[in-house]
Amino acid sequence: MSWISDPNFTEDQPFGPQTLPYGVVDGGVAVRVGDQALLLRSLALGKCSEFVQGDSLDPLLRAGRPVWSVLRAKLREIVSAQSAPKGAELVGIETAKLPFTVGDYVDFYSSRHHAENVGRMFRPDGDPLTPNWTHLPIGYHGRAGTVYVSGTDIRRPNGQKRGSEGPKFGPSERLDIEAEVGFVCGGPEAANVSTSRAAEHVFGVALVNDWSARDIQAWEYQPLGPFLAKSFATSISAWVTPLEAFAVARVPTPPLPNKLHDYLTCDQPWGLDITITVELNGTIVARPPFREMSWSFVQQLAHMTVNGATVRPGDLFASGTVSGPEKDERGSFLELSWGGKEPFELDDGSTRSFLEDGDTVRLTATAPGEGGSVVGLAEVVGTVRSA
């Protein structure tokens, strides 16, 4: 029995003592315990205390894996005790904010099911996968300045779109989501990070919705890739679940058909058995399985730094759209509606192909934890507003 009285702080709930995600609320750095936040500033945490005194996770991200492990062990001991320790303070989670300063942001394209679906839609007479796809994790650099915390409204973007008599300008008419898993980096700055060392540079995991304007993207993306269609908004959870919480959820990634270059080979399984739930206006429309991703986060980080580029505390990289083999496992509305040709129905009887003003998207996710427990990733929510 824990001193924390919260019906959602149990091992069969996503935010029980097995999870303890980090975030920042009005009182400072905290860990989430059920539907409450335990402030860390006044707890006796030994040498770890210096890293959790401010209003950001930035110092903790810089501290590195040894500190993260010691702090997590200490917090698990504190929250599992029968009596509250000196200085313990529980507050609400309503004021949670973007918990760290986002450095560089990279988005990948690592779901084979998603890539093949998109390829079949846009290249119906050709190979759905480009020749490079099974040889390297394809990615692009995004915009860190428009990474927003869950709950932030999303303004419909303007841009150029293909028209019958040349490009036209205006608000996107094919606004979409991308259900993704994001990885928050920490530890010392490093380049040429091997797959065996990559986990030392990943502090934790958070859900990401990389909003996408498909009509703007279709006109602008050749030959250099996404730009305005992606840079207007990326939403991220307010709480970052420590990588250590996913020890039981590790699984092998699906095999690729060709031999990989040495820097992408792995000596351990680093796929993660995470299941995402996508809700639109309260209707569950998809449950994408992250275990189906062909490229793991350690391979993504190894590829991201193999050319000498560095990874730094606060850097964020995301998996790319998570999709599975079944229709109800597709992580974008582009796929769910098959490019708008097959609108899907919501519980209220309305149909959607893409997002309308006022629509609210909510992503949640869970993974198996130790002893049959459930590890949670905090929700990422966004409501679309007019341009």
Side-chain angles (χ1 to χ4, degrees), residues 7-8 13-15 35 93-94 96 111 113-114 117-118 121 148-159 161 170-181 206-218 229-230 232-239 274-290 292 321-366 374 376-387:
N8 292 314
Q13 296 297 314
F15 301 108
D35 290 331
I93 60 174
E94 298 78 14
S111 166
H113 300 292
H114 172 69
N117 284 338
V118 173
M121 276 185 267
Y148 300 118
V149 71
S150 173
T152 304
D153 286 351
I154 302 302
R155 188 70 60 182
R156 185 178 297 274
N158 287 300
K161 299 163 288 183
S172 172
E173 297 170 359
R174 293 166 69 90
L175 185 59
D176 197 2
I177 69 159
E178 291 186 343
E180 306 192 17
V181 174
L207 282 178
V208 166
N209 184 351
D210 198 32
W211 306 84
S212 299
R214 300 299 184 185
D215 43 1
I216 296 173
Q217 183 178 359
K230 300 279 193 174
F232 64 97
T234 300
S235 297
I236 186 173
S237 306
W239 301 90
I274 297 170
T275 300
I276 303 173
T277 299
V278 181
E279 294 181 33
L280 175 57
N281 299 340
T283 299
I284 296 175
V285 295
R287 287 190 170 91
F290 191 69
E292 291 284 341
T321 306
V322 181
S323 290
E326 305 301 325
K327 183 173 182 178
D328 62 357
E329 295 177 333
R330 298 172 182 172
S332 70
F333 296 163
L334 175 71
E335 295 168 89
L336 282 171
S337 70
W338 207 251
K341 297 178 181 177
E342 302 173 8
F344 53 93
E345 187 172 350
L346 305 184
D347 289 345
D348 63 5
S350 63
T351 59
R352 292 290 188 281
S353 292
F354 296 98
L355 288 162
E356 298 181 2
D357 291 349
D359 282 350
T360 297
V361 177
R362 179 174 181 259
L363 308 182
T364 55
T366 58
V374 179
L377 284 83
E379 68 178 13
V380 56
V381 178
T383 298
V384 176
R385 303 302 180 192
S386 60

Can you give me the closest heavy-atom contact between [X] and [Y], atom names plus distance?
X	Y	value
Phe232	Ser212	CZ-N, 3.9 Å
Ser111	Thr321	CB-O, 3.1 Å
Leu363	Ala179	CD1-CA, 3.9 Å
Gly339	Arg174	O-NH2, 3.0 Å
Phe354	Asp359	O-OD2, 4.5 Å
Ser235	Trp211	OG-NE1, 2.8 Å

Nearest-0.5 Å distance that lies between atom [atom1] in [X] and atom [atom2] in [Y]:
X	Y	atom1	atom2	value
Asp153	Thr383	CG	OG1	5.5 Å
Leu207	Ser237	CG	OG	4.5 Å
Tyr148	Ile236	OH	CD1	14.0 Å
Ile284	Asp347	CD1	CG	8.5 Å
Ile177	Phe333	CD1	CZ	4.0 Å
Asp357	Ile154	CG	CD1	12.5 Å

Pair Leu355-Leu280, side-chain contact (heavy atoms from CB on, under 4.5 Å): steps then yes or no: CA-CA 9 Å; Leu355 288 162; Leu280 175 57; 3.7 Å; yes

Lys327 side-chain N/O to Glu335 backbone N/O, donor-acceptor pair under 3.5 Å: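 Not at all, since once roles are kept as given, no pair shorter than 3.5 Å links the two residues.
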
Asp215 and Ser172 side chains, donor-acceptor separation under 3.5 Å: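 Their side chains do contain a donor-acceptor pair, which is all the 3.5 Å distance test asks for.
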
Any [X] side-chain heavy atom under 4.5 Å of [Y] side chain:
X	Y	answer
Arg214	Ser332	yes
Glu279	Glu379	no
Ser150	Asn209	no
Ser353	Pro343	yes

Option passing side chain to side chain contact (heavy atoms under 4.5 Å, CB included) with Ser323 (candidates Glu329, His113, Glu292):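 Of all the options given, the one that passes is His113.
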
Whether over 12 other heavy atoms sit under 6.0 Å from Arg155 CZ: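 Atom CZ in Arg155 is packed in, count exceeds 12.
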
Arg352 and Val285: CA distance, side-chain angles, deciding distance, side-chain contact (heavy atoms from CB on, under 4.5 Å) verdict: CA-CA 11 Å; Arg352 292 290 188 281; Val285 295; over 6 Å; no

Residues Glu180, Thr234; criterion side-chain contact (heavy atoms from CB on, under 4.5 Å); working and verdict: CA-CA 10 Å; Glu180 306 192 17; Thr234 300; over 6 Å; no

Criterion side-chain contact (heavy atoms from CB on, under 4.5 Å) on Val381 and Thr360, from CA distance to verdict: CA-CA 7 Å; Val381 178; Thr360 297; 3.8 Å; yes

